[in-house]
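Small disclaimer: the values here were computed from a predicted structure and weren't measured. We name chains A, B, ... by the order of the sequence lines, and we start the count at 1 in each one.
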Number of protein chains: 2
Amino acid sequence: MKTSKRAKLEAAGWSIGSAQDFLQLSDAERALVELRLALSHSLRNWRKRRGLSQVELARRLKSSQSRVAKMEAGDTSVSVDLLVRSLFAIGAKPKDLAKTIRRLDERVAG
Amino acid sequence: MKTSKRAKLEAAGWSIGSAQDFLQLSDAERALVELRLALSHSLRNWRKRRGLSQVELARRLKSSQSRVAKMEAGDTSVSVDLLVRSLFAIGAKPKDLAKTIRRLDERVAG
DNA sequence: CGATGATATGTCATATGTGACATACCATCA
DNA sequence: TGATGGTATGTCACATATGACATATCATCG
């Protein structure tokens, strides 16, 4: 069941860090992890669509390449705050966030 | 214009801290502030609907009354992380978050 | 092969967030 | 009036997040 969910996530094209262990998490914890991944994914997609490097994105965000890499990897050292601030900084609107999160919910609940 | 937006927000029942100065913020900063307020509001609504005190909610969240008060006030010392984690902890689903954020967007954009 | 550019990973000093505590404020009730 | 219960505010020690740096990994090109 949980294993199949994980398989489903991976099949949907989400990069699930191998270090992430879904099997021990409560609903709340899982939701948070998946939220982080969804936002990460959004950020990477945005960057890729623009053909920017992590260095260039980092410059726009006034951050560093290494932190951008961690953001995009959904690293646990990255806060939801930073991800959200970054998305807003590159022009995302609350509506876009909502869309990303709703998609996430559909994967989780469906 | 900005003043009218503020009036609109207040009219809609949002508690805008008098210390918040909307007039100087970029779109990204404003979006973040408003996101914080929207989540704060959700949290308070949830608690009120249940007829819980801040002390009781704090116990559930393994936090403190004072922090709950700050969360509900949208205090800048509170991270979006904490708000999101709290909402998930009390049983909110990503879908609920998305709904809250979408409503926010409609207020901002509309 | 080496060189170049992009991305990933580990670490660290500093910045920011957090729970907890004290205490203030504000109703309501007796 | 005082007492009680709830909420707000200020502070602080400790915890966590952050940008920056070094360095590793990986692909592509010559």
> Side chains of Val68(A) and Val55(A): closer than 4.5 Å at any heavy-atom pair?
Replying inline: no
Give me the distances for all protein-to-nucleotides 28-30 of chain D N/O pairs that come in under 3.5 Å?
none

> Do Ser26(B) and Phe88(A) have side-chain heavy atoms sitting under 4.5 Å apart?
Replying inline: no
>> Taking atom types as they are modelled, would you say the side chain of Lys48(B) forms a donor-acceptor pair with the base of dT7(D) within the 3.5 Å cutoff?
In response: no
> What residues form a side chain to side chain contact (heavy atoms under 4.5 Å, CB included) with Ser64(A), not counting sequence neighbours?
Replying inline: Ser66(A), Arg67(A)
> Tell me: CZ of Arg85(A) to C1' of dT18(D), nearest whole Å?
Replying inline: 9 Å
> What distance separates Met71(B) CE from Ser63(B) OG, expressed to the nearest 0.5 Å?
Replying inline: 4.0 Å
> Could Glu29(A) and Arg85(B) be called an ion pair, given the rule that one side-chain N must be under 4.0 Å from one carboxylate O?
Replying inline: no
> If you find the nucleotide of DNA chain D closest to Leu83(A) and the one closest to Gln65(A), which residue's nucleotide is nearer the 5' end?
Replying inline: Leu83(A)
> Does anything in residues 51-62 of chain B reach DNA chain D, meaning a heavy atom under 4.0 Å, and if so which residues?
Replying inline: Ser53(B), Gln54(B)
> Starting at CE of Met71(B) and ending at C1' of dA8(D), how long is that distance when rounded to a whole Å?
Replying inline: 14 Å
> Do Ser66(B) and dC21(C) have a side chain to base donor-acceptor pair shorter than 3.5 Å?
Replying inline: yes
> If only side-chain N and O atoms of Ser64(A) are considered, is one of them under 4.0 Å from the OP1 or OP2 phosphate oxygen of dC21(D)?
Replying inline: no
> Which whole-number value in Å describes the distance from Leu82(A) CG to dG19(D) C1'?
Replying inline: 10 Å
>> Please tell me if Ser77(A) has a side-chain N or O lying less than 4.0 Å from either OP1 or OP2 of dT18(D).
In response: no
>> Tell me the interatomic distance from Asp81(B), atom CG, to dG17(C), atom P, rounded to whole angstroms.
In response: 10 Å
> Are the side chain of Thr100(A) and the backbone N or O of Asp96(A) linked by a donor-acceptor pair below 3.5 Å?
Replying inline: yes
>> Could you check whether any side-chain heavy atom of Leu57(A) comes within less than 4.5 Å of a side-chain heavy atom of Glu72(A), counting everything from C-beta outward?
In response: yes
>> Under the criterion side chain to side chain contact (heavy atoms under 4.5 Å, CB included), I'd like the reasoning laid out for Arg60(A) against Leu52(A): C-alpha separation, chi angles, the key distance, then a yes or no.
In response: CA-CA 11 Å; Arg60(A) 293 191 189 213; Leu52(A) 299 178; 3.8 Å; yes
>> Show, in sequence, the C-alpha distance, side-chain angles and deciding distance for Ser86(A) and Leu82(A), and conclude whether the side chain to side chain contact (heavy atoms under 4.5 Å, CB included) test is met.
In response: CA-CA 6 Å; Ser86(A) 298; Leu82(A) 184 61; 4.2 Å; yes
> How close or far is atom P of dT9(D) from atom CG of Asp75(B), stated in whole angstroms?
Replying inline: 8 Å
>> Tell me if the side-chain of Lys70(A) makes a donor-acceptor pair with the base of dG10(C), cut-off 3.5 Å, by modelled atom types.
In response: yes
> Arg67(B) has an atom CZ; how far is it from atom P of dT7(D), in whole Å?
Replying inline: 17 Å
> Think Arg47(A) has a side-chain N or O under 4.0 angstrom from the OP1 or OP2 of dT7(C)?
Replying inline: yes
> So what does Val78(A) touch, heavy atoms closer than 4.0 Å: a base, only the sugar-phosphate, or nothing?
Replying inline: sugar-phosphate
